[in-house]
2 protein chains.
Amino acid sequence: MEIRQRIGWNLRRLRAGREITQEDFATDSGFDRGYISGVERGVRNPSILVLERIATALGVDVVELLDARKANEFAEQRRGGM
Amino acid sequence: MEIRQRIGWNLRRLRAGREITQEDFATDSGFDRGYISGVERGVRNPSILVLERIATALGVDVVELLDARKANEFAEQRRGGM
DNA sequence: ATGTGACTAAAAGTCCGTG
DNA sequence: ACACGGACTTTTAGTCACA
């Protein structure tokens, strides 16, 4: 899985786990909703400082956003219909 | 420690461990020599795709570049005079 | 509530050089 | 062999309107 998608799925996983919308998360983290959407879909190429802001807003370490196994498992669930 | 410095020290640690110069590493990874220098000094804000290219050139996972403990230990050694 | 395209301002990244 | 700077091109950050 491409690294941007890995990040995207992990962000989606962590955000959804908190039952918060993209819109609310965008407000919390100080980003635009469309930008967050792009990161989750893996079409953006965020800088390390952006990733840190996102991780901080989620209350996790940046490394958590790069976890390949968790990203895969979550993607499988979603693709499988959840 | 700031995240860009964390990356910088880890890059320096891994590159120096291979006994390769910034110049040669720049050639290997396809980046500019001055740019690599800036990343190691923590003054650059690389994107995730750049970090992946750097990690690949080093033969490690991106997560290795974000390891706080290893970055700290290496920085201590260096600052301490090594 | 989210995906998407188009857009401008800002920053990344290159290429030249210096000490 | 590395730090650092200036001028330059390319990519990202960040915003918005629409579907």
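Labels below follow one simple rule: chain letters A, B, ... track the order of the sequence lines, proteins then strands, and each chain is numbered from 1. Everything numeric here is computed off the predicted structure, so don't read it as measured data.
- B:Asp61 places none of its side-chain heavy atoms less than 4.5 Å from the side chain of A:Leu66.
- Within the 4.5 Å cutoff, side-chain heavy atoms of B:Leu14 are placed close to those of B:Leu65.
- The distance between atom CG of A:Asp32 and atom P of C:dG5, rounded to the nearest whole Å, is 15 Å.
- Checked for salt-bridge contact, A:Arg69 and A:Glu73 meet the test: a charged N lies under 4.0 Å from a carboxylate O.
- An OP1 or OP2 oxygen of D:dC2 is reached within less than 4.0 angstrom by a side-chain nitrogen or oxygen of B:Arg15.
- Listed nucleotides C:dC16, C:dA1, D:dA13 differ in distance to A:Arg44; the shortest reach to its side chain belongs to D:dA13.
- Put simply, A:Tyr35 has a side-chain N or O that comes within less than 4.0 Å of OP1 or OP2 on D:dA13.
- The distance between atom CZ of B:Phe25 and atom P of D:dC2, rounded to the nearest whole Å, is 12 Å.
- Of the listed residues (B:Leu49, B:Ile48, B:Val50), just one forms a side chain to side chain contact (heavy atoms under 4.5 Å, CB included) with B:Glu52, and that residue is B:Leu49.
- Here B:Glu64 pairs with B:Arg13 in a salt bridge; the nearest charged N to carboxylate O distance falls below 4.0 Å.
- Contact annotation: the side chain of B:Arg4 never approaches that of B:Arg44 to less than 4.5 Å [non-hydrogen atoms, C-beta and beyond].
- The separation between A:Gln22 atom CD and C:dT2 atom P is 5 Å, rounded to whole Å.
- Under 4.0 angstrom from either OP1 or OP2 of C:dT4 there lies at least one side-chain N or O belonging to A:Arg41.
- To the nearest angstrom, C1' of D:dT15 lies 13 Å from CD1 of A:Ile36.
- Heavy atoms of A:Gly30 sit nowhere under 4.0 angstrom from any nucleic acid atom.
- Between the P atom of C:dT2 and the CZ atom of A:Phe31 lies a distance of 17 Å, rounded to the nearest Å.
- Comparing C:dC15, D:dC4, C:dT2 against the side chain of B:Arg33 picks out D:dC4 as the nearest.
- For the ring pair (Phe, Tyr, Trp, His ring centres under 6.0 Å) test, residues two or more places apart in sequence or in another chain that qualify with A:Phe31 are A:Tyr35.
- The separation between B:Arg4 atom CZ and C:dA11 atom P is 11 Å, rounded to whole Å.
- Base contact: A:Gly34 has a heavy atom under 4.0 Å from a base atom.
- For the pair B:Thr21 and B:Val43, nearest-nucleotide mapping onto DNA chain D gives the more 5' position to B:Thr21.
- Within residues 45-63 of chain A, the residues having any heavy atom closer than 4.0 Å to DNA chain D are, in order of number, A:Asn45, A:Pro46, A:Ser47, A:Val50, A:Arg53.
- Here A:Ser37 lies in heavy-atom contact (under 4.0 Å) with a base.
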